[in-house]
**Q** 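Handing you a structure now.
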2 protein chains.
Amino acid sequence: MSTEKASRTEPGGSAASASTYHHGNLREALIAEGLALAAEGGLDAVSIREVARRAGVSPGAPFRHFPDKVALMTAVAEEAMARFRAEIVMSLQRETSDDPIRRIRAIGKAFLDWARRNPTHFEIISSRRVIDFAGSASLGADNAQIQAQMVSLLEEAARRGLLRIDDPRLIQITGRALVYGLARMLIDGQFPSWGVAETEAEALMERSLDLFLAGLLKAPTSGDPGRS
Amino acid sequence: MSTEKASRTEPGGSAASASTYHHGNLREALIAEGLALAAEGGLDAVSIREVARRAGVSPGAPFRHFPDKVALMTAVAEEAMARFRAEIVMSLQRETSDDPIRRIRAIGKAFLDWARRNPTHFEIISSRRVIDFAGSASLGADNAQIQAQMVSLLEEAARRGLLRIDDPRLIQITGRALVYGLARMLIDGQFPSWGVAETEAEALMERSLDLFLAGLLKAPTSGDPGRS
DNA sequence: AATGGAATGTAATCGATGATTACATGATCG
DNA sequence: CGATCATGTAATCATCGATTACATTCCATT
């Protein structure tokens with residue numbers, strides 16, 4: 001009917017025939033647009049229709065690839081989680097020390113940094129109302145991998161007799177809850193009402209992490225725990 | 001036009017003339033229905049139209065009392081926050097000990113208990129995307145009050161030489177982030193993927209709080225900090 | 001007490017969204 | 001070459017937040 005079809009931009013440059021009825025790789029494009037939209041305008045800015053609009057496709061097209069919005073957001077979350085985990089892995093590679101506490105700290109720092117730089121992506125991964133965590137093997141696997149990494153470091157720390165209290169699982173969950181809480185407080189915009197300026201948020205979160213780690217250790221340090 | 005007007009149920013029984021054109025106390029009724037709806041079906045269940053429906057009023061009526069949805073949710077948050085603070089005050093009255101650490105623990109416990117029992121109300125208070133925190137004097141005042149309470153207890157603890165690191169503000173924010181993170185992890189449904197069953201969540205959160213408090217203290221305790 | 005203005009509620013409507021259905025197109029493989 | 005199936009379109013629905021014009025009631029001034 002419409003003789004003119006809107007020119008379809010192919011940002012990725014991946015193999016896709018231009019101006020065809022079929023998109024070529026709509027699924028990936030939708031996920032990419034979902035991530036971009038989230039990064040730009042927050043969670044509420046991500047709508048199926050807008051994602052479709054950006055991909056140059058009709059509002060109903062996404063439903064060919066995802067049964068509902070939760071499924072789309074879950075796919076977006078999988079991509080976000082993959083990037084998150086990649087950043088944690090990289091931070092561990094950068095931390096050359098084999099001191100388990102320093103490596104734990106690196107993970108915590110990477111967690112906080114990523115959440116601060118990708119607030120909405122962090123929100124998508126976290127909120128189980130938007131995604132179907134249980135229905136994604138990828139999310140579960142990435143999560144389990146990070147957990148395992150953490151537990152083994154804590155066990156190593158306990159083996160070396162560094163910890164005041166030897167309960168790796170409890171410490172893991174407590175530490176997780178701390179960084180999770182710091183990240184969410186920042187993202188939820190709570191720091192202003194706690195007298196914390198935007199500019200000092202990063203430093204504060206780091207000191208907060210150090211305070212917690214110091215509390216775990218036998219040796220009474222202050223601030224940076226273990227400077228090799 | 002319609003000769004029959006739907007019978008208007010008045011659940012509260014407060015002074016309100018039945019079957020009149022004017023509701024009598026719509027504003028309060030809307031807030032109450034908002035709280036109830038949130039408690040029943042989560043954040044997404046709260047819509048202006050449904051709240052109006054429950055109050056037996058037309059879909060546009062709420063806009064006479066609140067300029068937009070954020071304003072309504074902010075009013076709901078104010079009520080929720082008042083209840084939250086009341087519970088904290090009560091927990092402090094129940095804690096007869098004057099040991100600041102025990103009193104701090106009571107606050108943390110009350111925080112966790114309330115969040116666990118009122119997950120959506122906690123979410124409403126927390127999420128600055130749904131409410132206008134800055135625009136509410138009530139929310140700010142309640143928040144400041146809780147903060148002040150906490151800081152004074154920490155200063156008292158420092159005065160008694162109980163703390164390893166004397167930095168009340170840092171400790172306050174770190175502790176807040178911990179309980180905030182624990183509450184959100186529970187509410188966001190993350191514990192299952194962390195191998196924590198529903199039934200053990202409460203005990204775990206308590207032990208987590210104790211782990212943190214133990215880390216703050218000079219004396220190396222394990223578990224319950226300071227048993228008078 | 002009467003009356004006129006202010007407060008409060010209704011009805012109708014708009015644009016956006018998630019979702020479904022019937023239909024159109026074209027890629028793929030026999 | 002042609003049939004089948006994946007993929008995209010068009011049209012449609014219900015719900016939601018929000019706005020506007022209108023109706024009703026309360027209340028204060030006279």
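Lettering follows sequence order; numbering is per chain, from 1.
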**Q** Distance check needed: D/dG8 C1' versus A/R53 CZ, whole Å only.
**A** 17 Å

**Q** Any side-chain N or O of A/H65 below 4.0 angstrom from OP1/OP2 of D/dG8?
**A** yes

**Q** In whole angstrom, what separates B/K69's NZ from D/dG17's C1'?
**A** 8 Å

**Q** If only side-chain N and O atoms of A/S47 are considered, is one of them under 4.0 Å from the OP1 or OP2 phosphate oxygen of C/dT17?
**A** yes

**Q** In terms of the nearest nucleotide of DNA chain D, which residue is placed more toward the 5' end: B/E50 or A/P59?
**A** A/P59

**Q** Tell me which of B/A61 and A/F63 sits closer to the 5' end of DNA chain C, going by the nucleotide each one is nearest to.
**A** B/A61

**Q** May I have the distance from A/N25 (atom CG) to D/dT7 (atom C1'), rounded to whole angstrom?
**A** 13 Å

**Q** What integer distance in Å separates B/L43:CG from D/dG17:P?
**A** 12 Å

**Q** Which pair of heavy atoms, one from A/R116 and one from A/L186, lies closest together, and at what distance?
**A** CG-CD2, 3.5 Å

**Q** Rounded to whole Å, how long is the line connecting atom CG of B/D44 with atom P of D/dG17?
**A** 11 Å

**Q** Atom CG of A/D68 and atom P of C/dT20: how far apart are they, to the nearest Å?
**A** 8 Å

**Q** Give a yes or no on whether the ring-centroid distance for B/F122 and B/F84 is below 6.0 angstrom.
**A** no

**Q** Take atom CZ of B/R49 and atom C1' of D/dC16, then tell me their distance rounded to the nearest Å.
**A** 6 Å

**Q** By nearest atom, which of the nucleotides C/dA22, D/dA21, C/dG18 is closest to the B/R64 side chain?
**A** D/dA21

**Q** Give the rounded distance in Å between these two atoms: CG of B/L26 and P of D/dC26.
**A** 14 Å

**Q** How about A/Y180 and B/Y180: are their ring centres within less than 6.0 Å of each other?
**A** no

**Q** Strictly below 4.0 Å, N to O, side chains only: are B/R129 and A/E123 in salt-bridge contact?
**A** yes

